[in-house]
Amino acid sequence: MLDIKVIRSNPDAVKQAMRNRNMNADQMLDEILEIDQQRRKITGETEAKKAEQNANTKQIPLLKKAGEDTTALMEQLKNLSDEIKVLDSALSELEKKQMNILLSLPNIPSPTTPVGKDDSENVEVRRWGEPKQFDFEIKAHWDIGKDLHILDSETAAKVTGARFHFYRNLGAKLERAVINYYLNTHSANGYEEILPPFIVNRSSMMGTGQLPKFEEDAFRLATKVSEEDYFLIPTAEVPVTNMYRNEILDGAKLPIKHCAYSACFRAEAGSAGRDTRGLIRQHQFNKVELVKFVDPETSYDELEQLTNDAERVLQALGLPHRVINLVTGDIGFSSAKTYDIEVWMPSYGRYVEISSCSNFEDFQARRAGIRFKNHPRDKAQFVHTLNGSGVAVGRTVAAILENYQNTDGSVTVPEVLRPYLGVDVIR
RNA sequence: GGAGAAAUACUCAAGUGGUGAAGAGGCUCCCCUGCUAAGGGAGUAGGUCGGGUGACCGGCGCGAGGGUUCAAAUCCCUCUUUCUCCGCCA
């Protein structure tokens, strides 16, 4: 959520920032400024009346004690009370309108996010590794998985539907090995391991910015467990970031770093027909997420480190990849700056996104009320939140199957995974 | 799923409609002290919103949201969470 004060003091810069996101928000921003002005005017009037009410109300017990008649004063205060009610409801109407607009505005891109209209203009930052040359006809991972009887989409189609998979045998073990390898690596590297709930309430989905704008992308539970709506998480970012919702953290504890495995559930609305085969785009997939809460001063350094931490596991797996800096037209709703890590996928003949590392600055923190103080008497200020996939597990398995495939249809297991899997080759 | 109890600040906790939400511990500062402990003094309802260049002024804050009332921590309604017991359950 943007700070209304920023919009108020610099509306033209905000308008330009939205245009850089391919969004013309001029009208919306003019409207919110209008609402803001009115809201503050009515706030002043209401508060003056309330101050009058408080002062007079205090007189009543004193007058009564003195044996005086308070009927006239009470009559007068009844009228005042009615006026306050009218103003209060007008005020809450304006606040609601203002909040709705604020919640639907995306974050302002960082100055270090290149201006550009779509993914074709994203800037490559670096590459690691060389795409492997194969001297035989390569197979896509869905064929490798099917032939080795480790991936089964057909049974999943019967049991559930499209865009789901059964992993079997060494496929299931490989997925589990990757999860364990990622968690062990990151937790040894200073990230506290979290296993979060896979279901969250509406407030949490609001806190990280999935709602209210992108409800169609989420799975909402049909069964009512409580009065609040429950959602399947689209990423562990949601429960882990919201762990600290409406809290004031001790500045000495920053940066707080978490790694978390979760299954992720996405409706993939609007992606019909894209990546329909294989593990690339599923309604349910596994991911290890990295989440950080940091002092605003350090958040861009922390983003670099976060990206490095995500890359490190791909390097250990020997998977060629590159890092790209997303342009203003391609970054996500809540993000100020995003690096995508893309892994080389031989069957696609190109790099495919496997991680997305973002600095949200105070956008999520303001929505979710996550603040910190360095000293007890300081004014609480918003933390910066960051997160990145560390990394997507299903896509990792796809990349391993393709990059490590052999001419006989078998797949060599990357060295670091062998202790987890117990075999060198899947055949 | 059923029955009961509870939710007040960093912690414990008083407060059954009325002027500033008690008190204690803790914490911060000061005094005393060779140092520590003990002792003495002062401060400590966070936070947030609005106004003001500012010292300040005002509004809202007693789990959340509504309601009654001139006035709500206190009365009423809905919800959430926690605890105890019963039932069910991996």
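All chains are named by letter (A, B, ...) in the order of the sequence lines, taking the proteins before the strands, and each is independently numbered beginning at 1.
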Aromatic ring proximity A/His283/A/Phe164, centre distance under 6.0 Å: yes

Nearest-Å distance once atom C1' is located in both B/C79 and B/C85: 23 Å

Rounded distance in Å - CZ (A/Arg245) to P (B/G63): 19 Å

Nucleotide nearest A/Ala51 when distance is taken to its side chain, options B/C70, B/G59, B/U19: B/G59

Closest to the A/Thr43 side chain, choosing from B/U68, B/G50, B/G18: B/G50

A/Arg40 vs B/G51: side-chain N/O to OP1/OP2 distance below 4.0 Å: yes

Same-atom distance (P) from B/C60 to B/A72, integer angstrom: 9 Å

Nearest-angstrom distance from the residue atom CD of A/Glu45 to C1' of B/G51: 14 Å

Distance-only donor-acceptor check, side chains A/Thr208 and A/Gln364, under 3.5 Å: no

Sugar-phosphate, base or nothing in reach of A/Ala48, heavy atoms under 4.0 Å: nothing

Same-atom distance (C1') from B/U8 to B/A24, integer angstrom: 15 Å

Aromatic ring proximity A/Tyr244/A/Phe293, centre distance under 6.0 Å: yes

Side-chain N,O (A/Arg371) to OP1/OP2 (B/G47) below 4.0 Å: no

Spacing between A/Asp88 atom CG and B/A71 atom P, to the nearest angstrom: 12 Å

Distance, nearest 0.5 Å, that separates CD of A/Glu52 from CG of A/Leu77: 8.0 Å

A/Arg8 side-chain N/O to B/G50 phosphate OP1/OP2 under 4.0 Å: yes

Donor-acceptor contact present, side-chain A/Thr307 to main-chain A/Leu303, <3.5 Å: yes

Qualifying residue for side-chain contact (heavy atoms from CB on, under 4.5 Å) with A/Ser153, from A/Arg277, A/Lys146, A/His165, A/Gln282: A/His165

A/Gln53 side chain near B/A71 phosphate (N/O to OP1/OP2, under 4.0 Å): yes

Rounded distance (Å) that lies between atom P of B/C70 and atom NZ of A/Lys65: 21 Å

Between B/G63 (P) and A/Asn246 (CG): distance, integer Å: 16 Å

Atom-pair distance (CD1 on A/Ile84; P on B/G67), nearest Å: 14 Å

Whichever of A/Lys85 and A/Arg39 has its nearest RNA chain B nucleotide further upstream toward 5': A/Arg39

Assigned glycosidic conformation for B/G15 [threshold 90° from 0]: anti

Between A/Tyr230 and A/Asn201: side-chain donor-acceptor atoms closer than 3.5 Å: no

Base-paired stems in RNA chain B, each at least three Watson-Crick or G-U pairs under 3.5 Å: B:1-7 with B:80-86, B:10-12 with B:23-25, B:26-31 with B:39-44, B:47-51 with B:56-60, B:63-67 with B:75-79

Rounded C1' spacing from B/A73 to B/U69 in Å: 16 Å

Atom pair distance, as rounded to whole Å: CZ in A/Arg366 and P in B/C49: 9 Å

A/Asn54 side chain, from C-beta outward: closest of B/G59, B/G50, B/U69: B/G59

Gap separating the NZ atom of A/Lys5 from the CG atom of A/Asp36, nearest 0.5 angstrom: 10.5 Å

B/U36 and B/U28, which share atom name P, separated by this distance in whole Å: 14 Å

Closest listed nucleotide, where the reference is the side chain of A/Lys78 and the choices are B/G47, B/U19, B/C70: B/C70

Pairwise P distance, B/A9 and B/A21 [rounded to whole Å]: 15 Å

A/Gln59 CD - B/U19 C1' separation (whole Å): 9 Å

Ring centre gap for A/Phe363 and A/Phe333 strictly below 6.0 Å: yes

side-chain hydrogen bond (donor to acceptor under 3.5 Å, both in side chains) partner of A/Thr338, the single match among A/Ser356, A/Ser110, A/Ser358: A/Ser358

Any A/Ser81 side-chain N or O less than 4.0 Å from OP1/OP2 of B/A71: yes

Pairwise C1' distance, B/G51 and B/G66 [rounded to whole Å]: 30 Å

Rounded P spacing from B/G43 to B/C56 in Å: 16 Å

Nucleotide nearest A/Ile248 (side chain, heavy atoms from C-beta), chosen from B/U19, B/G47, B/C70: B/G47

5'-most by nearest nucleotide on RNA chain B - A/Glu52 or A/Gly44: A/Gly44

Donor/acceptor link under 3.5 angstrom from A/Lys50 side chain onto base of B/G58: no

